[in-house]
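Presented below is the structure to which this report refers.
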Amino acid sequence: MIKKLQTSLIALVVSVFGFFSVPLSTASAADCSVHIGDFDWDSANIHTAIGAYILENGYGCDVQVTKGSTNPILAALIDNQIDIIFEHWTDNNVQLIDPELESGNLVFLGVNTPASEQAFFVDRATSEKHNITSVEDLAKPEIAMLFKDPENPEKGRLTSCISGWTCYTINLVKLKEYGLDDLYTNFDPGSGGALDAAIMAASTKNQPIVTYYWTPTSLMGKPEVDLVRLTEPAYDESCWSDMMTVVEDIKANGPEVYKPSCACEYKDMALTKLATGKFAKEQPAIIDFANAYTIPTAVVNNMLAYYVDESGGDMEATAMHYLETDSSWESWVPADVAAKVKKSL
Amino acid sequence: MSKIEINNIYKIFGPTPGTVLENVKAGATKEEVLDQTGHTVGLDNVSISIEEGETFVCMGLSGSGKSTLIRHINRLIDPTDGEVFVNGQNVLDLSPEELLEFRKKNMSMVFQRFGLFPHKTVIENVAYGLEIQQVELEQRNKTAMDQIDAVGLSGFEDQYPSQLSGGMQQRVGLARALATNPEILLMDEAFSALDPLIRSDMQGQLIELQSQLKKTIVFITHDLDESLKLGDHIGILNGGRLVQVGTPEEILLNPADDYVSSFVGDVNRARVLKARAVMTKKDDTHNGMEIAHRANENDTLEELLPIILGTRSLIEVVDNSGNPLGYISDHEASRLLSKS
Amino acid sequence: MAPLTDTKIFMKKIPQSVYYAIFTGLFGWLLVVSFNSSKRKPDSVGELFTDLSWLNNWPKWLDTPLMKWINDGWKVFIAEYGLIFDAIGYGLLRGYTELKQIIVQAPWPVVIIAVIAITYFSSGRKVGTTVFVGICTFFIGFLNPRFWDKAIETTTMVVLGIAICVIIGIPIGIAMARNEKVRNAILPILDLMQVIPAFCYLIPGIILFGLGAIPAIISIFIYACPPLIRLTDLGIRLVDKEVIEAAESFGASRRQKLWGVQMPLALPNIMQGINQCTMMALAMVVIASMIGTRGLGDEVLLGLQQLNVGAAIEAGLAIVLLAIVLDRMTQAYGEKIQERNQPVKKK
């Protein structure tokens with residue numbers, strides 16, 4: 001019964017977010033149709049845009065894109081309502097995805113970006129003034145008051161992830177593990193856009209802020225934004241795994257089930273891709289392409305800068321810019337597909 | 001100068017009345033102006049003098065301009081051209097603050113659909129004029145209660161207008177107008193929304209009130225019988241123009257044009273004509289004839305008819321002190337009762 | 001007396017054709033500026049005539065640089081006026097936190113009793129409505145204990161938002177009712193405020209006021225004030241003309257007329273406006289959860305994001321209950337006045 005409700009909620013969410021969905025193709029007689037899952041942050045958007053462009057113009061597929069947050073999109077993928085995602089933050093969702101990989105419901109498609117980072121950041125001015133360089137430095141009450149939460153004035157505010165991202169719960173556990181729980185609120189900004197806006201606001205107004213953030217992103221490339229990464233206990237495989245068990249437990253059953261375990265920094269992980277086993281069987285050619293798809297971090301950062309500065313927020317234009325200026329993508333696809341893509345540019 | 005003087009008032013409704021004024025002064029009719037310029041002529045060169053203590057009735061059909069005219073007196077409407085004097089004061093010269101004072105002190109208005117404030121009780125309505133003048137609460141309630149008693153609505157002072165019948169509401173309106181003790185009463189078709197019996201009642205009450213209070217009343221109506229009953233002088237408006245001004249008898253006996261004639265054609269003359277107007281003045285030809293009855297100059301012909309027809313003698317007409325003024329015989333009666 | 005109509009004649013004589021010329025000129029200028037500032041424009045204007053491919057898809061150079069202008073202007077705006085907004089935000093925040101603290105710290109039965117008392121008296125002692133409202137209030141906490149404080153947060157925001165709407169909106173409505181020109185100037189602005197998508201002012205709100213309750217309150221004002229303004233304007237204009245003339249004929253000044261006659265008689269419509277304002281404020285508070293505003297809205301969002309069906313529906317129900325409570329409280333008062341002001345009828 002709950003499973004059925006879950007499925008219908010997933011369907012509802014996917015169709016509501018499907019309002020954002022962009023039928024990119026009016027092409028005829030597609031013998032392949034692909035349903036791509038996109039997320040609500042820009043690095044995922046750019047990979048989806050490039051992938052969709054190649055699929056549509058090179059392979060002549062009927063492409064449908066649905067955008068959403070981590071939870072709904074991954075759930076849809078597991079449920080096979082979505083065929084493929086072009087970016088996956090592997091270690092954040094290990095507990096959720098591993099069983100699916102083992103059972104063959106989902107398949108790994110290799111790395112898309114070799115390196116990424118996730119961490120807590122503090123604005124440079126405050127970091128230098130008060131010598132804040134690690135999370136241990138945050139543990140002092142007077143430091144917490146620098147980041148006073150206006151709605152909860154006894155605590156400082158850690159501008160965290162939105163509740164739809166796994167890192168929200170991860171940060172919740174980390175705060176407890178680092179002993180910061182009494183000093184800081186794990187503040188959910190409500191949406192990705194709001195998070196970016198909050199950081200921009202603090203940066204332009206020179207106000208102190210301590211926040212979760214990640215690369216590759218366009219925000220980190222902006223001139224006004226100057227954040228310093230805080231060090232945490234070094235990454236350790238078993239520590240992370242223990243922590244993720246607690247995280248998954250909390251996600252399923254609420255914050256009351258928290259048990260002390262362990263916490264360490266986010267690994268600078270490689271970002272991967274996922275597809276359903278079913279799709280992999282039906283469209284091996286596309287799977288080969290997707291497997292081969294990979295872009296170095298520096299290039300991703302450049303493209304994101306282009307997206308913000310040059311293209312004026314046009315993802316498709318940014319994708320086309322990449323395809324026009326960088327030729328590494330030609331090695332991912334057969335020659336005839338490459339030719340078609342080049343022609344359409 | 002008369003109490004109220006209205007001199008050559010023109011009122012034109014539309015976006016640019018000034019441009020049309022010349023046409024109207026040159027003599028264009030209402031229809032011509034409407035056709036050519038899309039403006040409506042409300043009043044066309046109307047001049048009236050109203051004496052203190054008299055009841056002046058302004059009569060006409062819808063669109064004749066009578067409602068527009070009465071609103072010039074308290075300057076709810078400004079004329080396009082012309083002047084209005086009240087108590088010798090040119091109303092159009094008043095500054096906004098002076099105008100408010102002017103309205104508070106000199107005149108009150110009674111409206112066709114009563115114009116009562118639905119959110120105020122009867123006593124609050126009646127006391128409204130005094131409230132505007134910032135009279136103390138106790139004082140104004142006392143004055144208001146007096147008026148409420150005077151119009152026979154004691155016991156209803158805490159009710160809301162929506163709880164009263166039409167006749168009662170208009171009595172509240174009247175009480176409200178009288179509470180500020182104004183010299184001038186403006187009554188805009190005050191009884192037109194009432195049913196006939198109540199209307200008759202109210203007319204009677206007004207006449208009685210007037211005989212005691214002697215206010216200057218400007219009364220608007222479209223009902224000829226009402227005008228003839230209430231008015232000391234009557235002004236007839238047609239299409240914005242003043243067609244005739246005169247006493248009821250003058251209007252009846254000497255209609256100025258076909259329009260007025262057709263108006264008065266159906267009136268029951270006997271009810272209106274008073275002995276004074278019908279009689280032949282006292283002279284020597286009547287000496288020695290038998291007098292069947294002495295009538296007061298204000299008695300109507302209707303009251304005297306049975307006596308005239310029954311006795312075939314003379315009726316002597318006397319004034320209030322008893323001095324003989326003239327005589328009426330069947331000769332005068334038949335002359336005046338026949339339609340001309 | 002010389003009529004004041006001569007100026008009007010002059011205004012009329014600036015013919016329509018001059019206005020048309022001005023607008024066409026502006027349009028042409030916009031086309032040229034867009035073309036020149038576009039990065040995708042063809043190398044020469046002549047190309048437009050030789051290569052007609054731009055007729056197929058909307059050409060990339062036919063793109064107003066509005067986004068760039070707004071972004072540039074925005075940066076300047078924040079630099080100049082940022083402090084003012086900080087001050088406003090701080091003031092609102094103090095008000096919000098104080099009010100919230102008072103109600104949150106009161107024992108919950110006291111709050112329920114207060115709600116019941118308010119409903120009872122404002123509805124004119126209607127028992128049925130009062131009992132219904134009492135039950136709904138109770139159920140907000142009964143659904144989930146966490147919702148009680150959250151409902152108070154939401155209500156505080158809504159109340160503050162409505163207070164701002166009333167303070168600013170009713171005078172605007174009055175001004176519109178009095179003056180046709182003011183009315184014509186403001187109506188398009190009201191349309192804009194109601195139609196513009198919420199995120200267009202939510203995100204700038206974050207930059208000006210920070211995350212949380214304050215941009216939500218400002219957004220409530222933008223979204224929920226227009227119906228109140230419209231209904232105030234309507235209410236005043238609908239007051240019986242004869243009643244107004246009566247007031248004037250007794251020498252009432254503009255102020256006496258407004259407060260003694262027009263406002264009391266417009267009150268049913270104004271209360272309706274406040275009721276609409278409340279409902280729309282509640283809707284906005286839920287949308288504002290997407291910029292980190294706490295309250296019942298963020299419970300719904302949480303349920304949605306974490307695919308917790310039960311939680312989302314429960315929170316949604318709590319919002320419905322809150323809406324019913326607020327709606328009944330404001331409607332009841334309006335109905336009471338309405339009954340008293342019923343049109344004059346003959347017996």
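The shown structure was predicted, so the numbers you read here are calculated from the model rather than taken from an experiment. Letters A, B, ... are given to chains in the order of the sequence lines, protein chains preceding strands, and every chain is numbered from 1.
- When every heavy atom of A252(C) is checked against every heavy atom of L100(B), the shortest pair comes out as O-CD2, 3.5 Å.
- Annotation for G251(C) and K104(B): closest pair O-CE, 3.4 Å, computed over non-hydrogen atoms.
- Inter-residue side-chain proximity for V261(C) and Y128(B) is flagged as met; some heavy-atom pair is nearer than 4.5 Å.
- Ranked by non-hydrogen atom pairs under 4.5 Å with chain C, the options Q112(B), R75(B), K120(B) are led by Q112(B).
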Please evaluate residues E245(C) and M109(B) with respect to the criterion side-chain contact (heavy atoms from CB on, under 4.5 Å), reporting the C-alpha separation (whole Å), side-chain torsions for both, the decisive distance (0.1 Å), and the verdict.
CA-CA 9 Å; E245(C) 277 190 328; M109(B) 199 159 175; 5.5 Å; no
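- Side-chain contact between S249(C) and F111(B): present, with at least one pair of heavy atoms (C-beta onward) separated by less than 4.5 Å.
- Only the backbone of M107(B) comes within less than 4.5 Å of a heavy atom of chain C; no side-chain atom from C-beta onward does.
- Annotation for S108(B) and F250(C): closest pair OG-CE2, 3.7 Å, computed over non-hydrogen atoms.
- The two residues V243(C) and L116(B) come nearest to each other via the heavy atoms CG2-O, 3.6 Å.
- We find the NE2-CG distance between H119(B) and L267(C) to be 10.0 Å, quoted to the nearest 0.5 Å.
- What you find for A246(C) and G115(B) is that their closest heavy atoms are CB-O, 3.5 Å.
- You'll find the side chain of Q256(C) stays beyond 4.5 Å of the side chain of E131(B), heavy atoms only.
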